Amino acid sequence: MEWTAEAIDQLRAYWAEGHSTAEIGRRMGISKNAVVGKAHRLNLDARPSPIRREAEAAERPAAPRRIASPREVAPRRPEQPSAVVRPFPRASLRSCCWPLGEPGTPEFRFCSAEAASGKPYCQEHASVAYVKARDRREDAA
DNA sequence: CCCTGATTCGC
DNA sequence: GCGAATCAGG
């Protein structure tokens with residue numbers, strides 16, 4: 001591509017009109033790379049780029065930015081969340097989550113009896129939930 | 001897979 | 001200086 005003054009004017013005009021690099025390339029019969037390359041060299045206003053170069057961004061920050069004061073700053077302990085919001089106060093007091101009724105109906109609820117220790121179900125439902133493999137044959141799929 | 005723009009680098 | 005190749009996001 002011979003960048004005559006006319007060609008450069010045309011590029012500037014299209015660029016100023018906000019055409020995409022590919023569109024300018026189409027109109028001028030050149031590649032969009034030629035357009036973007038020339039635009040870059042002419043220091044035309046950069047378009048919002050869709051990309052963000054991780055490689056550069058990741059390499060650069062090695063440059064230490066000295067903004068902190070020379071004085072040493074007391075180590076700041078991150079504030080500990082004082083209370084984690086838990087749906088249940090204590091694992092040991094968990095209530096049975098065996099479903100009762102038809103899901104989606106107003107009657108649907110969970111058993112809510114006190115769960116057997118370490119299990120999500122109360123004693124009664126745990127006995128239903130946990131079946132010895134040997135006794136399960138007739139229920140199997 | 002289409003689009004976008006930016007950067008790189010051999011020419 | 002040029003622009004294809006490549007990258008990276010939509």
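Quick caveat: nothing in here was measured; it's all calculated off a predicted structure. Lettering follows sequence order; numbering is per chain, from 1. Just so it is clear, the values below take in all heavy atoms, side chains as well, and ignore hydrogens, waters and symmetry mates.
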Between [atom2] of [N] and [atom1] of [X], the distance in whole Å:
X	N	atom1	atom2	value
A/R41	B/dC9	CZ	P	15 Å
A/D45	B/dA6	CG	P	11 Å
A/M1	B/dC11	CE	C1'	18 Å
A/W3	C/dG1	CH2	P	14 Å

With sequence neighbours excluded, residues passing side-chain contact (heavy atoms from CB on, under 4.5 Å) with A/T21: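 With sequence neighbours excluded, A/T21 shows a side-chain contact (heavy atoms from CB on, under 4.5 Å) to A/W15, A/K32, A/V35, A/V36, given in chain and number order.
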
Qualifying ring pair (Phe, Tyr, Trp, His ring centres under 6.0 Å) pairs, either residue in residues 23-46 of chain A, two or more places apart: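 Of all non-adjacent pairs touching residues 23-46 of chain A, none passes ring pair (Phe, Tyr, Trp, His ring centres under 6.0 Å).
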
Touch class at under 4.0 angstrom, heavy-atom based, for A/R47 against every strand present: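 If one applies the 4.0 Å heavy-atom cut-off, A/R47 turns out to touch the sugar-phosphate alone, with no base involved.
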
Over all atoms of both residues, closest heavy-atom pair of A/A7 and A/M28: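 Where A/A7 meets A/M28 most closely, the heavy atoms are O-CE, 3.5 Å.
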
Partner set under salt bridge (Lys or Arg N to Asp or Glu O under 4.0 Å) for A/R41, not counting sequence neighbours: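 Result, salt bridge (Lys or Arg N to Asp or Glu O under 4.0 Å) vs A/R41: none returned.
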
Set of residues satisfying salt bridge (Lys or Arg N to Asp or Glu O under 4.0 Å) with respect to A/R47, sequence neighbours excluded: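 Listed in chain order: nothing, the list is empty.
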
side-chain hydrogen bond (donor to acceptor under 3.5 Å, both in side chains) partners for A/R12, two or more places apart: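 Expected list: none.
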
Residues from residues 13-39 of chain A lying under 4.0 Å of DNA chain C - heavy atoms: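 Within this stretch, A/S31, A/N33, A/A34, A/K38 sit under 4.0 Å of the strand.
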
Any A/H40 side-chain N or O less than 4.0 Å from OP1/OP2 of B/dT7: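 Answer yes for this pair, as a side-chain N or O of A/H40 is under 4.0 Å from OP1 or OP2.
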
